[in-house]
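The sequence lines fix the lettering, A, B, ..., with proteins before strands; numbering per chain opens at 1. Basis for what follows: all heavy atoms, side chains included, without hydrogens, waters or symmetry-related copies.
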There are 2 protein chains.
Amino acid sequence: MSNNEGPGRTVTLSDVARSAGVSIATASKALNGREDVAPATRARVLEAADALAFTPNPMARGLLAGRTGTVGVLTSDLEGRFMIPILMGAEDAFGAGQVNVFLCDARGDAIREQHHLKALLSRRVDGIIVVGRQTDPRPSLGQDLPVPVVYAYSPSDDPRDLSLTPDNYAGGRLAVEHLISCGRTRIAHISGDPSYAAAQDRLAGAHAALARAGLELVGEPMFSMWTEHWGRDAAAMVLQRHPDVDAIFCGSDQIARGVLDTARDFGRTVPDDLAVIGYDNWEVLARNSRPELTSIDANLQQLGRQAAQRVFDAIDGVDIGEGTYHLPVRLVIRGSTIARQ
Amino acid sequence: MSNNEGPGRTVTLSDVARSAGVSIATASKALNGREDVAPATRARVLEAADALAFTPNPMARGLLAGRTGTVGVLTSDLEGRFMIPILMGAEDAFGAGQVNVFLCDARGDAIREQHHLKALLSRRVDGIIVVGRQTDPRPSLGQDLPVPVVYAYSPSDDPRDLSLTPDNYAGGRLAVEHLISCGRTRIAHISGDPSYAAAQDRLAGAHAALARAGLELVGEPMFSMWTEHWGRDAAAMVLQRHPDVDAIFCGSDQIARGVLDTARDFGRTVPDDLAVIGYDNWEVLARNSRPELTSIDANLQQLGRQAAQRVFDAIDGVDIGEGTYHLPVRLVIRGSTIARQ
DNA sequence: TACCGTGCCGAAAGGGCTTTCGGTCTTTTC
DNA sequence: GAAAAGACCGAAAGCCCTTTCGGCACGGTA
């Protein structure tokens, strides 16, 4: 609660210079590793700076260079669990340097997003990461922004933008390949909202893997919601209509949890009678089920880190390219597909 | 990706002044609503600023001792689900005004926290919210900071600081009172890590409610981890040793999920044979169980909003007081304690 | 007419830093 | 031993804004 000005006044470069017995200019050069400073002098300055716990004022610095050392993260759904790992990855990559993150949550509202965008620009952020809530393309912020923009998770609908999004197609393929390699041939698919690109891409990947093995899905793929309840209901239908099914590829871990639940009700043991694989590798769910859930991890933290890195590069003038990049995903094997020996 | 310098150079105050035919000083005064500017002049300046889409450079502004319109949020565990609602609440309250949020994640590391604190101060934030990961007191950032600080979730260990934390004692009381009002008298308690203040406070609240009704816990309270697995194991022990138990108060929704699972294995129907109540009201878990889970909601978003409001007040010079405030929690009734009619 | 408020406006300082450029002092070269 | 070349350092300008304070013009009062 203190609000004093007291003796704890911030120490400035001139304090350091005075303490080291040099001019302000020399102190600046010494601290920034520039030429034309004798090693001895440089050491003296660094020592003084250290002793005084000097930290340069980014305001003054930014006033010159035009750079503020801040990056804006514009999310549309802070609540969603996809945001968090991405945000962490980004914060991670930035935190290593001298960059700070402005966080804005647009709550999925375009108006609010525009408002926040304006606020970020007026704060002179050096770059922006836009984090969407689905993997469906979203409207571009436009090409005429004064700072580089990278889209994460939701790609931009404008191919001139740079977007990073997880490769759901590969994820679907990976999941089914794993099931096949476990000796399963009667594979059903239960997924969430069919209007999500994620649902369609994963299905397409699954189909590709099946086709390559000369197989087909058991029954029609089932779509409805990304919830445990739906997983339970859908599993009941599948097990009734197709008792010979030996594996279920689920569109999310939540759905998979519901499937596991119903499987138990039907007296099917997992993984022996029925293999179940989830998606997202949401540990709270995947690691606490009985048995633990094999799942596909989208490496979101990695994605966030990459997005940050791209923004960095762009700020440094590197051409970071354009288009949508589909980042690799990863299979995490647990007990729901392979019995532990 | 545009990063031009071209003609789109940022427009400065002097551009506005020139365009309006006044001095820089007058333009500044006009835009900031200060005295000593004739209405006509002011209008002319505003018009010019608008036409040029002028936005003041926050660097230059912050260089002066003025306000920066930014607030720092220093979290220690971004991953934790308690952060998010608090963060949302804060972002909400700030977003309404003209304030932006600097987000820093210390990853639970004191060194990193100090580093981020420095960064925030050197960016001249107007205030700071410190969000902890547990309700246990945490070390104070100190009293000699140049900006107001509010602690959310984790209270500061220094009573001179202002802290907002959920009232776990009331939560425990509320949970047990609800069970009693449902006609239960044989109540057991399964909770998580006993070193958490949250675990102890909830237990104390539960004891208080029981005592008032002339009751006692069935068996000893069971502590271990905040996981579903533990919930399952602990429930098995309870149901074996105390078959007459008619309600279980769980320290978290995860634990409660495990308890529900085991109850089913034991052939106990919920809520008829056994009432189960969780804690945290984590909807993904609570709304997707069979039956849905009654739980205690800590109103974290509200807490975040209040923390932001307090920081606002402090910035405006209002005395916001000190000490730790325990904010009210709320009972959310679902099917695991009362059969739907 | 001489004087004094009052109302508006502008010159200039300042805030902390980087950078250019000229100046001093030491070293090398013929 | 004198001149040219380096090596090192400091004065000062500039980034964009806010704020103080002095100046100017105007209207009213003695």
Side-chain angles (χ1 to χ4, degrees), chain A residues 5 8-46 48-49 52-70 98 121-126 146, chain B residues 5 8-46 48-49 52-70 98 118-119 121-126 146:
Chain A
E5 278 304 63
R9 221 183 48 67
T10 44
V11 12
T12 78
L13 181 59
S14 75
D15 295 327
V16 175
R18 192 170 343 103
S19 160
V22 298
S23 76
I24 298 182
T26 304
S28 170
K29 279 181 280 193
L31 290 172
N32 294 319
R34 306 202 72 80
E35 301 290 298
D36 287 351
V37 183
T41 314
R42 185 186 303 276
R44 204 145 34 89
V45 171
L46 288 177
L52 296 173
F54 169 72
T55 51
N57 184 331
M59 297 288 167
R61 186 171 253 171
L63 201 49
L64 287 296
R67 288 214 192 143
T68 56
T70 58
Q98 293 300 317
L121 290 179
S122 80
R123 291 223 188 283
R124 302 282 193 278
V125 293
D126 295 332
Chain B
E5 278 304 61
R9 222 185 47 68
T10 43
V11 12
T12 79
L13 182 59
S14 75
D15 295 328
V16 175
R18 192 169 344 104
S19 160
V22 298
S23 76
I24 299 182
T26 304
S28 171
K29 281 181 279 194
L31 290 173
N32 293 318
R34 306 201 72 81
E35 301 291 298
D36 287 352
V37 182
T41 312
R42 184 186 304 274
R44 206 144 32 90
V45 171
L46 288 177
L52 296 173
F54 168 73
T55 52
N57 184 330
M59 295 291 159
R61 188 171 252 172
L63 199 49
L64 290 291
R67 295 211 188 141
T68 56
T70 59
Q98 292 301 315
K118 253 192 196 158
L121 290 179
S122 76
R123 290 221 189 286
R124 302 286 188 275
V125 293
D126 295 332

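- Heavy-atom distances under 4.0 Å link DNA chain D to A:V22, A:S23, A:A25, A:T26 of residues 20-28 of chain A, given in residue order.
- Among residues at least two apart or in separate chains, salt bridge (Lys or Arg N to Asp or Glu O under 4.0 Å) pairs with a member in residues 53-67 of chain A are A:R67-A:D316.
- Partners of B:N57 by side-chain hydrogen bond (donor to acceptor under 3.5 Å, both in side chains), not counting sequence neighbours: none found.
- When rounded to the nearest whole Å, the span between CZ of A:R44 and C1' of D:dG10 equals 14 Å.
- Put simply, B:R34 has no side-chain N or O that comes within less than 4.0 Å of OP1 or OP2 on D:dT18.
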Which atom pairs, one a donor and one an acceptor, fall under 3.5 Å between side chains of residues 33-45 of chain B and the rest of the protein, sequence neighbours left out?
{"unit_1": "B:R42", "atom_1": "NH1", "unit_2": "B:A30", "atom_2": "O", "d": "3.0"}
{"unit_1": "B:R42", "atom_1": "NH2", "unit_2": "B:R34", "atom_2": "O", "d": "2.7"}
{"unit_1": "B:R44", "atom_1": "NH1", "unit_2": "B:A20", "atom_2": "O", "d": "2.6"}

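- For the pair B:A38 and B:A60, both in contact range of DNA chain C, the more 5′-proximal nearest nucleotide belongs to B:A38.
- Taking atom CG of residue B:L52 and atom P of nucleotide D:dC16, one finds them 15 Å apart after rounding to whole Å.
- A distance of 7.0 Å separates CE of A:M59 from CZ of B:R124, quoted to the nearest 0.5 Å.
- Contact annotation: B:N32 reaches the phosphate of D:dT18 (side-chain N/O to OP1 or OP2, under 4.0 Å).
- Legend: residues meeting side chain to side chain contact (heavy atoms under 4.5 Å, CB included) with B:A119, ordered by chain and number and at least two apart, are A:N100.
- Among residues two or more places apart in sequence or in another chain, the side chain to side chain contact (heavy atoms under 4.5 Å, CB included) test is passed with B:S19 by B:A48, B:L52.
- Taking 4.0 angstrom as the limit, A:S14 places none of its side-chain polar atoms (N or O) nearer than this to OP1 or OP2 of C:dG16.
- In this view, A:S14 and A:T12 satisfy the side-chain hydrogen bond (donor to acceptor under 3.5 Å, both in side chains) rule, not counting sequence neighbours.
- Residues that satisfy the side chain to side chain contact (heavy atoms under 4.5 Å, CB included) test with A:S28, not counting sequence neighbours, are A:L13, A:N32.
- In this structure, B:S122 has no side-chain hydrogen bond (donor to acceptor under 3.5 Å, both in side chains) partners at least two apart in sequence or on a different chain.
- With the end axes of the helix from C:dT1-D:dA30 to C:dC30-D:dG1 each set by five pairs, the angle from one to the other reads 60° at 10° resolution.
- Atom CZ of A:R18 sits about 8.5 Å away from atom CD1 of A:I24, to the nearest 0.5 Å.
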Item to check | Summary of protein contacts for nucleotides 21-26 of chain D, nucleotide by nucleotide, where a base hit scores B, a sugar-phosphate-only hit scores S (4.0 Å, heavy atoms) | outcome: ------
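- Each of C:dC17, D:dC15, D:dC17 was ranked by its minimum atom distance to the side chain of A:L63; first place goes to D:dC15.
- With sequence neighbours left out, the side-chain hydrogen bond (donor to acceptor under 3.5 Å, both in side chains) criterion links A:T55 to no other residue.
- Between B:R61 and the phosphate of D:dT18, there is a side-chain N or O to OP1/OP2 separation shorter than 4.0 Å.
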